[in-house]
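Notes for the one structure printed next.
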Amino acid sequence: MSTITSHVLLSTDTLTLRDVHCSGTCQHRSAEECAASTQLVFPYRGLYLRHVSSDQSVADANHVLFFNRQQGYQVSHPLDGGDACLSMNLAEPLLAELAPKALIHVEEGLTFRSQSQRIDARAQALVALLRHSLHNGSIEPLEAEALALTLVCRSLGPRTSRTPSSTHARRRLADRVKMLLASDLSRRWTLAEIGEEIGSSPVYLTQVFKQVEGMPLYRYQLQLRLARALDLLGKMDDLSALAAELGFSSHSHFTNAFRQAYGRSPAEFRQSSRGMAPLLT
C-alpha cells in the first residue's frame, strides 16, 4: 500500500496549503476515498491516475486536479517514483467567487464539473514559489495568501479554461502519451518512437494530442521538463547538471526555455524563492 505524508505549509482563515507526498508503491487502484472538503491539487512531481467511476484523469505537473467534497475516487500509480502535490483548501464562499460559473455546480454545494484542467507555465511557477518560499520561511502569510489567490485565478481563468471536445477514446490515447513522456523526462523522443510505443501513427498522435490538450505534444513535454526544474532548483546549484539531467542540449538552451516560460532565468527564480528578489505575480 502506498504511504502518504502531508505537511501543512500555511493555515489561515482563508485557506490551507499542504505539501503532500505519496510513495506510489501501489500500481493498482486504491480503495475508494473521498475528500472532506473541495480541494485544488497541483501535482509538481511524478504522475498518478485519478479514477472517478469510469472516468480517469492524469495527474501531472501540467494540470490542477479538482477533488470535490464527498465525491468518491480511486488512485493508481502506473509509473515508479511516487508523486508530490501542493494541495489547497479554500474557503468555499471565496472559491465560489473566484471560479468561473462554467466550471462549477452550485446547486448542492460547490463542486467542479470536471476532474482536472491544464494550467500554464506561470501557474506552475506560482506553485513552486509558494512551496519553496513557505518551506524556507522567506514569505509572510499575507503575501502567501495573495500568491495563492493569484494561483487560483490563473489556474481557473480563460488562459486554460476550455470546453472538452474530444471523445473518450482520444482522451485515453492522450493519457497514454502523457504517461510515456513522464516515464523519462530527459529522453529526446521522436514522433516515430512515441507512435511505435503507443501503437499509432505520428500524424494521428499529434492531431489527437493537440485536440485533447489544446497544445502541441512537444510543448507539453517541455512544460513537464520545466516544471521538474522548478522542483529541483531549490536543491541543485549546478544549473548545467540540471539542464543535462532534464534532457536539454545545453545550459543556454535550458536558460532560454526557462526564461521564455517564466519571464526570468533559473538563477533569478531561485533568488525569488529564497526571498532575495520580488516574487512572480
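Counting from 1, the numbers follow the sequence of the chain as shown.
- Alongside Ile4, the hydrophobic cluster contains Val20 (criterion: ILVMFWY side chains under 4.5 Å).
- For residues 4-24, there are no salt bridge (Lys or Arg N to Asp or Glu O under 4.0 Å) pairs, not counting sequence neighbours.
- Comment: Arg259 engages Glu268 in a salt bridge, judged by a side-chain N to carboxylate O separation of less than 4.0 angstrom.
- Atom CG in Leu147 sits 7.5 Å away from atom OG in Ser133 (nearest 0.5 Å).
- Expressed to the nearest 0.5 Å, how far CZ of Arg270 lies from CE of Met236 amounts to 9.5 Å.
- Looking at Glu245 and Arg228, no side-chain N of the basic residue comes within less than 4.0 Å of a carboxylate O on the acidic one, giving no salt bridge.
- The OG atom of Ser155 lies 11.5 Å from the CZ atom of Arg118; values are rounded to the nearest 0.5 Å.
- At a threshold of 4.0 Å, the pair Asp231-Arg131 counts as salt-bridged, since one of the basic side-chain nitrogens sits closer than that to a carboxylate oxygen.
- Within the structure, ring pair (Phe, Tyr, Trp, His ring centres under 6.0 Å) contacts touching residues 111-151 (residues at least two apart or in different chains) are His7-His135, Phe66-Phe112.
- For Ser54, there are no side chain to side chain donor-acceptor pair (under 3.5 Å) partners, not counting sequence neighbours.
- Pairing each heavy atom of Thr12 with each of Glu145, the nearest pair is OG1-OE2, 2.6 Å.
- Across every non-hydrogen atom of Leu239 and Ala267, the tightest pair is CD1-N, 4.2 Å.
- With hydrogens and angles left out, the side-chain atoms of Ser186 and Asp184 include a donor and acceptor closer than 3.5 Å.
- Within the hydrophobic cluster formed by Ile, Leu, Val, Met, Phe, Trp and Tyr side chains joined at under 4.5 Å, directly or through other members, Phe67 is accompanied by Val41, Tyr48, Val52, Leu65, Tyr73, Val75.
- Residue pairs meeting the ring pair (Phe, Tyr, Trp, His ring centres under 6.0 Å) criterion with at least one member in residues 186-209, sequence neighbours excluded: Phe209-Tyr220.
- Test His51, His28, Arg50, Gln27 against Ser76 for side chain to side chain donor-acceptor pair (under 3.5 Å) and you get one pass: His51.
- Residues Ala128 and Phe269 come closest through the heavy atom pair CB-CZ, 3.8 Å.
- Pairing each heavy atom of Gln39 with each of Ser87, the nearest pair is OE1-OG, 3.2 Å.
- Remark: Asp83 does not engage Arg45 in a salt bridge, criterion side-chain N to carboxylate O under 4.0 Å.
- Rounded to the nearest 0.5 Å, atoms CZ (Phe42) and CD (Gln124) are 11.0 Å apart.
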